[in-house]
2 protein chains.
Amino acid sequence: MPRAAAKDGTRRNAKWEARRAAIVDTSARLFAAQGYHATGLTELCDANDLGKGALYHYIGSKEELLAAIHDRVMDEVLQGADRVAEAGGTPPEQLAMLGAELLDVIHRYPDHVWVFLHEFPALTGERAAQFRTRRRAYEQRVEAVLRAGVEAGDFRDIDPWLTARAWLGMHNYTYLWLKPGQRLSARDVAQPFADIFLKGIEASPSRTR
Amino acid sequence: MPRAAAKDGTRRNAKWEARRAAIVDTSARLFAAQGYHATGLTELCDANDLGKGALYHYIGSKEELLAAIHDRVMDEVLQGADRVAEAGGTPPEQLAMLGAELLDVIHRYPDHVWVFLHEFPALTGERAAQFRTRRRAYEQRVEAVLRAGVEAGDFRDIDPWLTARAWLGMHNYTYLWLKPGQRLSARDVAQPFADIFLKGIEASPSRTR
DNA sequence: CCTACACTGGACTGATCGGTACAACCCGTG
DNA sequence: CACGGGTTGTACCGATCAGTCCAGTGTAGG
């Protein structure tokens, strides 16, 4: 735990922050490649070119490092959801935008997302609770869009909770193969996925409202 | 490594086999709850009510235990795919049946599936290679059905590879919440999922063939 | 009843785990 | 040049890791 969270970042503080961020990113790569528990402190030190003393000057504990990786992902995902909410539009448009934003995060942070989806049970206590809250908040955003679409007559009478799980699965599972520098970009995937899903739940044209 | 794989199972051998299967199942529960690397040998011994010597009389190594869990899942999943192929039917029917079979496995073996989806990178060497082959074989079954559906005019002109990933994600991701004794059964989920996906990729009625 | 062997518990091993203590270092400031 | 605090490497800690070894114990076959 840092001594005082107060005092805005001076120059030195900014440097420390940057180094810490670099450590978080490097460690995410290792955790993604071989797992959180399977990665030792010494490996983290090697990868970051640091001794144990120096490493612990930045991170406090191994689990805090894990939590930082989770936060990085959740920050991005929730920010994306906020942008979508601000943009407005019909429920189908909202859902398509949510998908594009989510796939963009998965594409830009493949290691962080991998860690996030695999190692979240390793978080304990306060950190685990906070993480669950944020994750749940995001899932409810998706559910809300689906519910709104049903009420507005854009979508047929589907179960918002169950359908949100289908949508989340379809998108989140791309973490296995959606990587930067690969054949497919995030946009290449977002469009076909939105097509499938929106056609899959659209109201039959006969009873449009 | 067992001395000789020959000689068909006598009574004793069957008993040994049953005990081993029980150990695999119990261990799957532990691995699912806290992770493969985070679960120690002593915990496995406690849960199975066995000493280390006795445990190692059945399993050979911790990784072999992990591999046995993977095999259990892959056996079931591939058998389900075989049943579907034997049953025949149109591509849409085939896809719906594949989904029902897959969700059934996930629902019946929640712990095994969790381990399978989280810890497969922990497999090494020969075991990892064999696992990847089998997993890939299943994925290609799904792709084949999609491709057949496009050629037959049942589905619109989608990318079979990408669409298979969407389908796999939607179904596999249910491992997070689809558990026996819960509100929803496998069938409760399979039907809505098939509805969404089939509507999502069906050929527009105007150009049916 | 005796022997043989599948089966079992638990002490033990060397390695490695996450984490700490501390002395030295760099480097900007006075 | 002296100083002082942010930074760093390293020796070290107790705990635990996966796995081995072996002296038994229960029991089935002769």
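Every chain is numbered from 1 and lettered A, B, ... according to where its sequence line falls, protein lines coming before strand lines. Quantities reported herein were computed from a predicted structural model and do not represent experimental measurements. Computed from heavy atoms alone, side chains included, the values below leave out hydrogens, waters and symmetry copies.
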Phosphate-side-chain proximity, His57(B) and dC7(C), N/O vs OP1/OP2 below 4.0 Å: yes
From Tyr173(A) OH over to Ile106(A) CD1, what is the distance, rounded to the nearest 0.5 angstrom? 13.0 Å
Rounded off to whole Å, could you give me the OH-to-P distance for the Tyr56(B) and dC22(D) pair? 17 Å
Euclidean distance, atom CD1 of residue Ile59(B) to atom P of dT20(D) [Å, nearest integer]: 10 Å
For Phe120(B), is the NZ or CZ atom of Arg135(B) found under 6.0 angstrom from the centre of its six-membered ring and inside 45 degrees of the ring axis? yes
Straight-line distance of Arg183(B) CZ to Leu162(A) CG, nearest 0.5 Å: 7.5 Å
Are Tyr138(B) and Arg134(B) side-chain neighbours, meaning at least one heavy-atom pair lies under 4.5 Å? no
For the side chain of Leu50(A), counting heavy atoms from C-beta on, which of dG9(D), dC17(D), dG9(C) is nearest? dG9(D)
Nearest to the Tyr58(B) side chain among dC7(C), dG19(C), dT8(D), which nucleotide is it? dC7(C)
Rounded to whole Å, how long is the line connecting atom CG of Leu55(A) with atom P of dT8(D)? 10 Å
Checking dG18(C), dA18(D), dT8(C) against the side chain of Lys62(A) (C-beta onward), the nearest is dG18(C)
Nearest whole angstrom, please: distance from the C1' of dG9(D) to the CG of Asp46(A). 13 Å
CZ of Phe31(A) versus C1' of dG18(C): gap in Å, rounded? 12 Å
Gly53(B) near the nucleic acid: base, sugar-phosphate alone, or nothing, with a heavy-atom cut-off under 4.0 Å? base
Separation of Asp49(B) atom CG from dC7(C) atom C1', in whole Å? 15 Å
Can a side chain N or O of Lys52(B) be found less than 4.0 Å away from OP1 or OP2 on dG10(C)? no
Among dT7(D), dT8(D), dC17(D), find the nucleotide with the atom closest to the side chain of Trp16(A). dT7(D)
Using the ring of each side chain (for Trp, its six-membered ring), is Trp161(B) parallel, tilted or perpendicular to Trp177(A), with breaks at 30° and 60°? perpendicular
Return the value, rounded to whole Å, for the distance between atom CG of Leu41(A) and atom P of dA15(C). 20 Å
Just the rounded figure in Å: distance from C1' of dT8(C) to NZ of Lys15(B). 13 Å
